[in-house]
Amino acid sequence: MILSPLTRRRLAAFKANRRGHAAFWLFLVLFVLAMAAELIANDKPLVLYVNGQAFAPIFKAYPETTFGGEFETEARYRDPYMKKLIAEKGGLMIWPLIPFSYNTINYDLTVPAPAPPSADNWLGTDDQGRDVLARMIYGFRISVLFGLTLTLLSSIIGVCAGAVQGYFGGLTDLLMQRVMEIWGGMPVLYLLIIMASLVQPNFWWLLILMLLFSWMSLVHVVRAEFLRARNLDYVRAAKALGASDTLVMFKHVLPNAMVATLTYLPFVLNHSITTLTALDFLGFGLPPGSPSLGELLNQGKNNLQAPWLGISAFSVLALMLTLLIFIGEAVRDAFDARKTTGGRA
């Protein structure tokens, strides 16, 4: 792949910010591991050998009768009865690193839940006996995927709205600005709480509700770039050659406006994750039982005698948001004209 000189200079500026560059790779590693959460934390074996035949329970559900059980329901591999059946057949189960999923209850606890860290539960359990580390891994994945999806959709809407405002200006810009001032003046968190209490919250409902407000964060940046660029010579030349407004906006002006927009994206992602965490903390977020960092923080608040709950959730959130801020700073340096053009803006 051949990179342009400007792209190479931007990559060099990004790498020059060592803190942001290291944060990018660390965040990428954590995200890849979280995407493979089922292979790391699961209450099903990775591989199961019985009578010389191999099974992959994490990819396919097998009934108990497959291993000599009595019911057609899916086998529960942590059940002592199922373990005994498989052992009698000379079977072998290869478990993940963490033999618990986000909703697996550890019935072998020797103390009341929430249980402190132990050899079985490295970060302890929550107030329902579920493994904290497993819920953190799955919660990290949901938070990042939610934030990325919301950031992508918000960027598309915000860029389009800002482009229309800045390019056409005049009455169009005036009316849209007044609408945004009214819409942006509403108490967003309270409205999200009210809307979430009217419907059964889930991933997609929360995404739609938050999208109603999050798109405005990028409008002012794109609008300013289009207002500046719409009267430049290359835009006038494109119009004189008969190019349509749509072609001029998205082919000629938008690439220049995206430079400022890209520097905002890590911070928009940060805001998306913190808003989801706040809703989960207040009980208006993801459905009950979902792996959620906000719900884990709420458990830490309600169980002060179990400090591992709050400390674990806070540590993951602090690390995730700090890495995203460092990445945002590196991206800002990469698109800084003073650093990519030798000081010639």
Side-chain angles (χ1 to χ4, degrees), residues 27 30-31 34-35 102 135-136 138-165 176-223 258 260-298 301 313-314 316-325 327-328 331:
F27 182 82
L30 293 177
F31 180 66
M35 291 301 296
Y102 67 89
R135 292 185 66 81
M136 283 172 50
Y138 284 88
F140 178 90
R141 181 173 69 176
I142 286 183
S143 298
V144 174
L145 288 178
F146 184 90
L148 289 174
T149 306
L150 182 60
T151 300
L152 176 62
L153 297 178
S154 300
S155 301
I156 294 174
I157 298 175
V159 167
C160 292
V164 171
Q165 278 189 254
M176 293 185 68
Q177 279 294 99
R178 299 294 82 77
V179 171
M180 285 188 57
E181 289 174 1
I182 297 173
W183 194 244
M186 296 182 180
V188 177
L189 186 59
Y190 293 120
L191 288 176
L192 289 175
I193 291 174
I194 293 172
M195 293 179 182
S197 64
L198 296 177
V199 296
Q200 179 64 36
N202 57 46
F203 183 93
W204 298 109
W205 262 115
L206 287 175
L207 185 67
I208 294 173
L209 293 177
M210 292 178 62
L211 185 60
L212 294 175
F213 302 96
S214 61
W215 61 271
M216 292 186 294
S217 58
L218 292 174
V219 173
H220 65 283
V221 180
V222 181
R223 172 179 174 269
M258 288 303 296
T261 304
L262 288 174
T263 61
Y264 272 77
L265 293 185
F267 304 101
V268 176
L269 176 59
N270 238 355
H271 180 263
S272 303
I273 293 174
T274 53
T275 305
L276 176 65
T277 303
L279 288 173
D280 288 334
F281 178 81
L282 296 173
F284 297 97
L286 296 171
S290 301
S292 165
L293 299 178
E295 187 263 349
L296 195 58
L297 281 174
N298 188 39
K301 177 182 72 70
F314 172 78
V316 172
L317 276 173
L319 176 62
M320 175 169 45
L321 299 180
T322 301
L323 292 178
L324 290 175
I325 290 296
I327 294 172
V331 172

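Heads up: numbering here begins at 1 and tracks the sequence. Quick caveat, the model's predicted, so the values are computed rather than measured.
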To the nearest 0.5 angstrom, please state how far the OG atom of S272 sits from the CG atom of L324.
10.0 Å
Spacing of NE2 belonging to H220 relative to CD belonging to Q177, to within rounding of 0.5 Å
10.5 Å
Closer than 3.5 angstrom, by distance alone: can the side chain of R141 be matched with the main-chain N or O of M136 as a donor-acceptor pair?
no
Measuring from atom OG of S290 to atom CG of D280, what distance do you get when rounded to the nearest 0.5 angstrom?
8.0 Å
Check: T322 side chain, L319 main-chain N or O, donor-acceptor pair, under 3.5 Å:
no
Taking the side chain as everything from C-beta on, heavy atoms only, tell me whether S154 gets closer than 4.5 Å to L211.
yes
V222 and T261 have their tightest heavy-atom pair at CG2-OG1, 3.4 Å
Taking side chain as C-beta onward, heavy atoms only, is L296 less than 4.5 Å from V316?
no
Can you tell me how far apart CG (L269) and CZ (F267) are? Round to the nearest 0.5 Å.
11.0 Å
With rounding to the nearest 0.5 Å, note down the distance linking OG in S217 to NE2 in H271.
8.0 Å
Show, in sequence, the C-alpha distance, side-chain angles and deciding distance for L150 and L276, and conclude whether the side chain to side chain contact (heavy atoms under 4.5 Å, CB included) test is met.
CA-CA 11 Å; L150 182 60; L276 176 65; over 6 Å; no
Looking at S292 and G294, would you say the former's side chain and the latter's main chain have a donor-acceptor pair under 3.5 Å?
yes
Counting only heavy atoms not in Y264, do more than 12 sit closer than 6.0 Å to its OH atom?
no
Scanning both residues in full, the closest heavy-atom pair of T149 with L207 reads CG2-CD2, 3.6 Å
What's the spacing between L209 CG and I194 CD1 if we round to 0.5 Å?
11.5 Å
With heavy-atom distances below 4.5 Å as the criterion, would you say the side chains of L286 and E295 are in contact?
no
Apply side chain to side chain contact (heavy atoms under 4.5 Å, CB included) to residues L265 and L218 and explain how you reach the verdict.
CA-CA 9 Å; L265 293 185; L218 292 174; 3.9 Å; yes
If I compare all heavy atoms of T151 with all of S155, which pair ends up nearest, and what's the gap?
O-OG, 2.6 Å
Taking C-beta and beyond as the side chain, do M180 and Q165 meet within less than 4.5 Å on heavy atoms?
yes
